[in-house]
Each structure stands twice: as C-alpha cells, then as structure tokens.
Amino acid sequence: MIDSRPGMALNVVMLGPPGAGKGTQAERYARTQSLPKISTGDILREAVHEHTPLGSAARETMDRGELVSDEVMIAIVGERLGRPDTSRGFVLDGFPRTVPQARALDGMMAGRGAVAIVDIVVPEDVLLRRLAARRICGDCGINAAIEWTTSCGQCGGALVHRTDDGDGVVRERLRVYLRQTKPIVEFYAGRPTFRAIDGNQPPDVVTAAMDAAIREASLVPAGPIKITPGAAL
Ligand code: AP5
C-alpha cells in the first residue's frame with residue numbers, strides 16, 4: 001500500500017525516451033510542488049560545460065549517444081539524494097536508465113517512502129521531430145521556449161543545438177533507449193505506483209495527466225480535510 005499521510009515524502013521518477021518531455025514536465029512538477037528537480041543529463045552537461053573531470057570523462061560518451069557507466073551514475077545520484085533538500089521528496093529525470101540503476105535506486109529508497117514512477121509515452125516520429133527542432137541556451141542550458149528566436153529569455157545566452165541532437169546521434173540514443181532503458185519499464189510496470197501517460201499532447205495537457213497520475217497513485221497528500229457539520233471526527 002502507498003502511504004499518503006501528510007508529511008510523507010513525494011518521490012517521483014520520470015521515465016520515457018529521448019524527447020518524451022521528461023525534463024519539461026519534471027521542471028514544471030518540481031516547481032509547483034517546491035521539490036528539487038534532479039536531472040542526470042543536466043548534471044552531466046553542467047560538468048562538461050565547467051570542464052570538470054566528470055565532464056571530460058562523460059563528454060564523448062554523451063556525444064556518441066551512449067550511456068555513462070552505471071557505477072558513475074549511481075554514485076552521482078546516491079550523493080545527490082543524500083542531500084537534505086530531498087527529505088520532502090524529489091523529481092528524478094534521466095535516472096534510472098538501466099536495470100542495475102533501477103535496482104540501486106530501490107536500495108537508496110529503502111525507508112524513504114514510496115516512489116511514483118511516471119512513464120511518458122510518445123511515438124518515435126514525434127520524438128525525432130521534437131529533437132530536430134530543439135534549441136537550448138548555450139550558457140545556462142535550458143530548453144528554449146517557442147517564443148525565443150535567437151537568445152535565451154532567462155539569461156540572454158545564444159540559442160544552440162544540443163550536441164547530441166544531430167540526426168545520427170538521436171537515432172543512436174533511441175536505439176540505446178530501446179536496448180538498455182525500455183527494460184526498466186517492465187521492471188516497474190507491476191508496481192502500484194507505476195503510471196504510463198500519453199506524452200503526445202500539448203505540454204499543459206501532459207502536465208495535467210502527470211499530476212492526475214501521481215494523485216491516483218495516492219502520493220500527494222489530500223487537500224485540507226472538509227469537516228461536515230455534525231459528522232463524527
Ligand atoms: P538526458 O539529458 O537525460 O537526455 P534524454 O533522456 O535523451 O532526454 P532529453 O533531454 O533529450 O528529452 P526529455 O525527455 O527530457 O524531453 P524535453 O523535455 O527536453 O541525457 C543525455 C545524455 O546523458 C544521455 O544520452 C547519456 O549519455 C547521459 N546520461 C544521462 N543520464 C544518464 C544515466 N542515468 N545513465 C547513463 N547515462 C546518462 O523535451 C524535448 C523537446 O520537446 C524540447 O524542445 C521541448 O520543448 C519539446 N517538448 C516537450 N514536451 C512537449 C510536448 N508535450 N509537445 C511538444 N513539444 C514538447
């Protein structure tokens with residue numbers, strides 16, 4: 001049974017192929033719930049941008065569309081989930097991505113409450129179109145909004161293609177997704193907190209579906225209790 005008592009942590013994991021909208025929806029959900037959004041792709045891209053040893057080691061792997069090793073990713077996420085800001089919960093985007101990572105996450109979550117797993121489903125032709133069209137800010141790294149034409153609406157940086165969004169690399173990322181990541185959908189599918197949602201809809205509709213899916217999994221504490229006059233408490 002899922003524990004929905006107020007005060008319980010709201011732990012959310014986003015699954016889905018490249019371009020499904022995990023980052024977009026994780027950001028929205030984390031903001032509305034005042035939770036930290038933990039994106040392993042963002043952590044790695046920041047490390048590349050800052051030329052840290054992790055960034056130097058991960059760059060070529062990411063540019064080929066392959067996965068960084070389980071050992072490195074599990075250590076990064078283990079450290080991040082150990083920080084105090086995750087005590088009320090978190091929204092995890094991009095991890096787990098392999099069955100060993102999913103097993104490691106189960107270990108990290110022992111005694112920390114249930115995890116809602118939301119799988120965003122989008123057809124491949126739509127993913128290819130989205131990733132070909134995507135621009136990000138070359139400085140702060142966020143996805144460009146449709147209305148931004150040449151520069152970032154947040155920091156003014158120039159808009160660029162993500163280095164792994166070229167056609168050949170995107171196809172490799174999709175192959176890697178099917179081979180290494182899709183099996184974790186089966187790993188989670190039997191759990192009561194697993195929900196699949198249709199991601200091939202306008203972003204606001206997907207946001208509402210995600211919110212409903214997590215509520216349905218009874219992870220969001222109900223609003224203020226309504227007291228009916230005369231009812232026994
Ligand atoms: P990561 O950054 O996680 O990339 P990804 O999984 O390929 O996902 P994307 O960021 O491409 O897509 P998304 O689903 O977040 O969609 P988004 O919201 O951006 O990982 C990058 C690399 O890092 C990996 O390839 C790997 O090398 C490494 N890595 C990361 N984590 C790892 C791990 N755990 N283990 C090993 N290696 C790891 O949306 C995409 C576009 O579509 C945007 O332009 C957006 O505006 C648009 N869009 C979103 N929603 C909609 C909608 N509903 N309708 C129309 N357009 C939409």
Side-chain angles (χ1 to χ4, degrees), residues 13-30 37-49 54-55 57-78 80-81 91-105 108 118-137 141-148 153 159-166 168-182 184 197-210:
V13 164
M14 314 284 311
L15 301 181
K22 301 180 295 296
T24 302
Q25 298 300 332
E27 203 278 323
R28 289 174 174 219
Y29 195 76
K37 178 192 103 155
I38 302 172
S39 160
T40 48
D42 287 351
I43 291 171
L44 292 169
R45 277 185 291 278
E46 205 177 303
V48 169
H49 194 69
L54 167 66
R59 180 177 194 145
E60 283 187 14
T61 308
M62 294 172 76
D63 285 349
R64 283 197 302 268
E66 295 167 6
L67 298 185
V68 174
S69 76
D70 286 338
E71 194 189 0
V72 167
M73 298 313 302
I74 290 166
I76 289 173
V77 173
R80 184 64 188 86
L81 292 183
V91 184
L92 196 45
D93 155 31
F95 184 99
R97 236 175 168 101
T98 63
V99 171
Q101 291 182 17
R103 292 211 175 96
L105 182 64
M108 293 173 207
V118 180
D119 182 31
I120 306 184
V121 181
V122 176
E124 186 171 313
D125 59 324
V126 177
L127 299 173
L128 291 169
R129 273 204 304 278
R130 284 186 188 175
L131 295 176
R134 170 164 59 188
R135 299 290 180 278
I136 62 163
C137 173
I142 62 167
N143 280 341
I146 295 167
E147 62 274 20
W148 303 349
L159 300 184
V160 296
H161 279 285
R162 224 169 85 173
T163 54
D164 59 352
D165 273 350
V169 180
V170 163
R171 286 179 193 277
E172 178 59 14
R173 285 163 62 201
L174 288 169
R175 276 193 291 272
V176 167
Y177 169 78
L178 289 176
R179 199 169 55 235
Q180 291 179 264
T181 306
K182 191 87 192 284
I184 65 176
I197 60 171
D198 178 4
N200 190 17
Q201 311 181 77
D204 288 349
V205 179
V206 180
T207 303
M210 176 167 157

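For ligands, and for the atoms within them, numbers begin at 1 and follow the listed sequence. Computed from a predicted structure; not experimentally measured.
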Counting heavy atoms under 4.0 Å, the part of L44 that contacts ligand 1 is side chain

Worksheet item: Taking C-beta and beyond as the side chain, do I43 and F95 meet within less than 4.5 Å on heavy atoms?
Response: no

Between T40 and ligand 1, is there a nitrogen or oxygen pair with a distance under 3.5 Å?
-> yes

In terms of heavy-atom contacts, A102 and I184 come closest through CB-CG2, 4.1 Å

Give a yes or no answer on whether the side chain of R97 reaches the backbone of Q180 with a donor-acceptor pair at less than 3.5 Å. no

the protein heavy atom lying closest to atom 37 (N) of ligand 1 turns out to be V68 N, 3.1 Å

message = Any non-hydrogen side-chain atom of P203 less than 4.5 Å from a side-chain atom of Q25?
response = yes

Closest to atom 30 (C) of ligand 1 among protein heavy atoms sits R97 NH1, 3.4 Å

Q. Backbone or side chain, does any N or O of G16 fall under 3.5 Å from an N or O of ligand 1?
A. no

Ignoring hydrogens and geometry, is there a side-chain-to-backbone donor-acceptor pair from K22 to P17 under 3.5 Å?
yes

* Can an N or O of E66 be found at a distance shorter than 3.5 Å from an N or O of ligand 1? -> yes

Separation between CD1 (I120) and CG (L127), nearest 0.5 Å, reads 10.5 Å

among protein heavy atoms, the one nearest atom 12 (O) of ligand 1 is G19 N, 2.9 Å

Heavy atoms of V176 and G65 approach each other most closely as CG2-O, 3.5 Å

For atom 47 (C) of ligand 1, the closest protein heavy atom turns out to be R130 CD, 4.2 Å

Here the atoms of ligand 1 under 4.0 Å from any heavy atom belonging to G23 are 13 (P), 15 (O), 18 (O)

The closest protein heavy-atom partner of atom 40 (C) of ligand 1 is R134 NH1, 3.7 Å

Check: Taking N or O atoms only and a 3.5 Å limit, does Q101 qualify as a polar contact for ligand 1?
Finding: yes

for atom 39 (O) of ligand 1, nearest protein heavy atom and its distance come out as T24 OG1, 3.8 Å

Are the side chains of K37 and D42 in touch, meaning some heavy atoms are under 4.5 Å apart?
yes

Discussion item. Do V205 and D198 make a side-chain contact, defined as non-hydrogen atoms from C-beta onward lying under 4.5 Å apart?
Written reply: no

With respect to A144, determine whether any N or O atom, backbone or side chain, lies less than 3.5 Å from an N or O atom of ligand 1. no

Going by heavy atoms, is Q25 under 4.0 Å from ligand 1?
no

Any heavy atom of M62 under 4.0 Å from ligand 1? The part involved is both

So the atoms of ligand 1 within less than 4.0 Å of a heavy atom of G199 turn out to be 53 (N)

The answer for which part of R162 has a heavy atom under 4.0 Å from ligand 1 is side chain

Counting heavy atoms under 4.0 Å, the part of P17 that contacts ligand 1 is backbone

Quiz item: So, do R45 and R162 sit near enough that their side-chain heavy atoms are less than 4.5 Å apart?
Solution: yes

Counting heavy atoms under 4.0 Å, the part of L131 that contacts ligand 1 is side chain

When distances are taken from atom 8 (O) of ligand 1, the protein heavy atom at minimum range is K22 NZ, 3.2 Å

The single option from D93, L92, D119 that satisfies side chain to side chain contact (heavy atoms under 4.5 Å, CB included) with L15 is D119

ask   = Do any N/O atoms on G21 end up under 3.5 angstrom from N/O atoms on ligand 1?
value = yes

So the atoms of ligand 1 within less than 4.0 Å of a heavy atom of R45 turn out to be 2 (O), 21 (C)

of all protein heavy atoms, closest to atom 34 (N) of ligand 1 is G94 O, 2.8 Å

Test side chain to side chain contact (heavy atoms under 4.5 Å, CB included), reference E66, set V169, D164, T61, output is T61

Next on the checklist: Can you confirm, on distance only, whether ligand 1 has an N/O atom lying under 3.5 Å from any N/O atom belonging to R173?
Outcome noted: yes

| query | What do you reckon, does L67 have a nitrogen or oxygen under 3.5 Å from a nitrogen or oxygen of ligand 1? | reply | no

Any heavy atom of N143 under 4.0 Å from ligand 1? The part involved is side chain

Worksheet item: Does Q201 come within less than 4.0 Å of ligand 1, judged by its heavy atoms?
Response: yes

Does any N/O atom on P18 come nearer than 3.5 Å to any N/O atom on ligand 1? no

Go through the side-chain N and O atoms of R135 and H161 and say whether any donor and acceptor fall under 3.5 Å apart. yes

